[in-house]
Amino acid sequence: MTAPTKTPTHPDLHEPVIDWFAEHARDLPWRRPEAGPWGVMVSEFMLQQTPVSRVLPVYEQWLARWPRPADLAKEAPGEAVRAWGRLGYPRRALRLHGAAVAITERHGGDVPTGHAQLLALPGIGEYTAAAVASFAYGQRHAVLDTNVRRVFARAVGGVQYPPNATTAAERKMARALLPEEDETAAKWAAASMELGALVCTAKNENCHRCPIAAMCAWRLAGKPPHEGPARRGQTYAGTDRQVRGKLLAVLREAVAPVPQAVLDRVWDEPVQRARALDGLVDDGLVEPLPGGLYRLPAS
DNA sequence: CAGGCGTGGTG
DNA sequence: TCACCAAGCCT
């Protein structure tokens with residue numbers, strides 16, 4: 001019997017993908033050693049649903065201004081929202097600020113190393129906890145983001161796209177594919193994600209540049225097109241989200257509290273406008289003051 | 001668990 | 001042009 005006892009399910013995928021990564025990985029600031037766990041964590045918050053190209057400049061400003069969690073923690077949350085700029089989903093800024101406060105209070109100012117501790121922080125879900133633990137601390141976790149899910153769906157599952165929501169089957173597959181060693185697993189996580197971001201993309205798959213094209217189940221099956229309904233497109237024009245965005249843009253630019261009348265100019269329809277503003281206040285993104293004034297939250 | 005939550009680039 | 005997409009989280 002020559003077979004070793006703990007052979008991974010698909011050991012042949014690891015080496016080509018990791019080697020490809022060594023050659024083609026982008027030189028991103030949060031991948032450099034000087035970024036540290038805090039830099040990794042900040043980047044992960046910003047990258048949630050936001051392209052790398054838009055994150056880069058904000059990331060640099062953020063780290064220069066708040067090089068440690070404690071630096072951000074002592075700021076007003078509104079300053080985090082302001083510095084977030086136009087990255088989108090500004091609740092992330094609030095949550096990152098909240099995470100910095102929690103890190104300062106509960107973890108002595110250092111980004112925690114444990115997956116469960118990370119998961120307990122605001123704005124950190126399953127993906128981000130695994131990503132920080134893996135990228136910042138070299139731990140072995142299944143890091144299942146949209147890129148990795150797509151790569152696995154194709155290379156292993158033989159279909160064009162993964163399911164809309166992450167399934168237990170996907171998690172199981174991701175765990176089964178994980179290399180045994182911590183360090184190798186961390187490289188694998190970063191490499192498989194980068195492959196999905198650069199080569200095995202949603203719209204154009206570039207199989208000629210793919211290091212595992214020869215063993216890709218989807219390609220070998222003749223690249224059958226996605227079956228079933230298309231993903232629900234996110235509508236935007238005319239929604240509360242658009243109104244919220246316009247309201248918050250005014251408040252981000254303002255140095256002093258803004259009168260209601262000024263906010264009223266961003267949207268004609270009064271019911272929707274009021275609903276959007278109320279929502280921002282409920283979310284803690286906007287602080288109402290006496291006299292019909294509004295500003296970003298000071299506390 | 002489906003739906004809400006920003007923004008700008010792109011085919 | 002405009003629908004779709006980009007390293008999710010929370011309720």
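Side chains included, hydrogens not; waters and symmetry mates left out as well; all remaining heavy atoms used. Each chain gets a letter, A, B and so on, in the order its sequence line appears, and its residues count up from 1.
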Q. Which parts of residues 116-144 of chain A get close to DNA chain C, meaning a heavy atom less than 4.0 angstrom away?
A. A:P122, A:G123, A:I124, A:G125, A:E126, A:Y127, A:T128
Q. Could you give the OH-to-C1' distance, from A:Y161 to C:dC5, as a whole number of Å?
A. 10 Å
(Q) I'd like to know if A:E205 and A:K223 make a salt bridge, using a cut-off of under 4.0 Å between side-chain N and carboxylate O. (A) yes
(Q) I'd like to check the side chain to side chain donor-acceptor pair (under 3.5 Å) partners of A:D27; sequence neighbours left out, ordered by chain and number. (A) A:R32
Q) How does DNA chain C look in dot-bracket form if you count Watson-Crick and G-U pairs under 3.5 Å, write [ ] for pairs that cross, and put | where a base pairs with another strand? A) .|||||.||||
**Q.** Close approaches to DNA chain B from residues 242-264 of chain A, in residue order (heavy atom, under 4.0 Å)
**A.** A:R244, A:G245, A:R252
Q) Please give, in whole Å, the distance from C:dC5 P to A:E205 CD? A) 13 Å
Q.
Is it the case that atom CD in A:E60 sees more than 12 heavy atoms from other parts of the structure closer than 6.0 Å?
A. yes
Q. Any idea which of C:dC5, C:dA7, C:dG8 is nearest the A:Q48 side chain?
A. C:dG8
Q. A:N164 CG to B:dA2 P: how many Å, rounded?
A. 8 Å
Q) Is A:R54 reaching over with its side chain to a backbone N or O of A:R86, donor-acceptor style, under 3.5 angstrom? A) yes
Q. Any N or O donor-acceptor pair linking the side chain of A:R241 to the base of B:dG6 at under 3.5 Å?
A. yes
Q: Enter the distance from A:T201:OG1 to A:N206:CG here, rounded to the nearest 0.5 Å.
A: 5.5 Å
Q.
Expressed as a whole number of angstroms, how long is the span from A:L285:CG to B:dG4:C1'?
A. 13 Å
Q. At under 4.0 Å between heavy atoms, what does A:L94 touch on the DNA or RNA strands: base, sugar-phosphate, or nothing?
A. nothing
Q. Where each residue is assigned the nucleotide of DNA chain B containing its nearest heavy atom, which of A:D283 and A:R86 is assigned the position nearer the 5′ end?
A. A:D283
**Q.** Partner residues of A:R150 under the side chain to side chain donor-acceptor pair (under 3.5 Å) criterion, sequence neighbours left out
**A.** A:N147
Q.
Could you tell me how far C:dT11 sits from B:dC1 if I compare only their C1' atoms? Round to whole Å.
A. 10 Å
Q: Sticking with atom P, work out how far C:dC4 lies from B:dG3, rounded to a whole angstrom.
A: 16 Å
Q: With DNA chain C as reference, determine whether A:R95 or A:L47 sits nearer its 5' end, using the nearest nucleotide of each.
A: A:L47
Q) What pairs with A:T50 under side chain to side chain donor-acceptor pair (under 3.5 Å), at least two apart in sequence or on another chain? A) A:R92
Q: For residues 269-287 of chain A, pull every pair meeting side-chain hydrogen bond (donor to acceptor under 3.5 Å, both in side chains), keeping only residues two or more places apart or in separate chains.
A: A:D240-A:Q272, A:D240-A:R275, A:R244-A:D283, A:D264-A:R273, A:W267-A:Q272, A:E287-A:R295
(Q) Strictly below 4.0 Å: does A:Q49 bring a side-chain N or O up to OP1 or OP2 of C:dG8? (A) yes
(Q) Under 3.5 Å, is there any donor-acceptor pair linking the side chain of A:R54 to the base of B:dT7? (A) yes
Q: Mind jotting down which residue pairs meet the side-chain hydrogen bond (donor to acceptor under 3.5 Å, both in side chains) criterion with at least one end in residues 68-85 of chain A? Sequence neighbours excluded, please.
A: A:R65-A:E79, A:W66-A:E75, A:R68-A:D71, A:E79-A:R82
Q.
Please give the distance between the C1' atoms of B:dG9 and C:dC9 as a whole number of Å.
A. 23 Å
Q. Does any N or O donor sit under 3.5 Å from an N or O acceptor when you compare the side chain of A:R150 with the base of C:dA7?
A. no
Q: Please confirm whether any donor atom in the side chain of A:T50 sits under 3.5 Å from an acceptor in the base of B:dG6, or the reverse.
A: yes
Q. Within the structure shown, what part of the strands sits under 4.0 Å from A:W84 by heavy-atom distance: base, sugar-phosphate, or nothing?
A. nothing
Q: Send over the distance from A:E44 CD to C:dC9 P, rounded to a whole Å.
A: 9 Å
(Q) Show me the pairs that pass salt bridge (charged side-chain N to carboxylate O under 4.0 Å, His left out) and involve residues 113-123 of chain A, at least two apart or across chains. (A) none
Q: Starting at atom CZ of A:F45, determine the distance to atom C1' of C:dC9, rounded to an integer number of angstrom.
A: 9 Å
**Q.** Separation of atom OH in A:Y59 from atom P in C:dA7, rounded to whole Å
**A.** 18 Å
Q.
Clusters formed by hydrophobic residues whose side-chain heavy atoms approach within less than 4.5 Å: which one holds A:L289, and what are its other members?
A. A:L293
Q) Does A:R92 put a side-chain nitrogen or oxygen below 4.0 Å from OP1 or OP2 of B:dC5? A) no
**Q.** Given DNA chain B, 5'-ward residue of the pair A:P51 and A:R91, judged by closest heavy atom
**A.** A:R91
Q) Of all residues at least two apart in sequence or in a different chain, which pass the side chain to side chain donor-acceptor pair (under 3.5 Å) check with A:D110? A) none
(Q) Can you identify which nucleotide, out of C:dC5, C:dA7, C:dG8, has its nearest atom closest to the A:A202 side chain? (A) C:dC5
Q) Rounded to the Å, how far apart are A:N206 CG and B:dG11 P? A) 12 Å
Validation: residues 120-136 of chain A side-chain donor-acceptor distances under 3.5 Å, sequence neighbours left out:
unit_1: A:E126; atom_1: OE2; unit_2: A:H115; atom_2: NE2; d: 3.3
unit_1: A:Y127; atom_1: OH; unit_2: A:E44; atom_2: OE1; d: 2.8
unit_1: A:T128; atom_1: OG1; unit_2: A:Q48; atom_2: NE2; d: 3.1

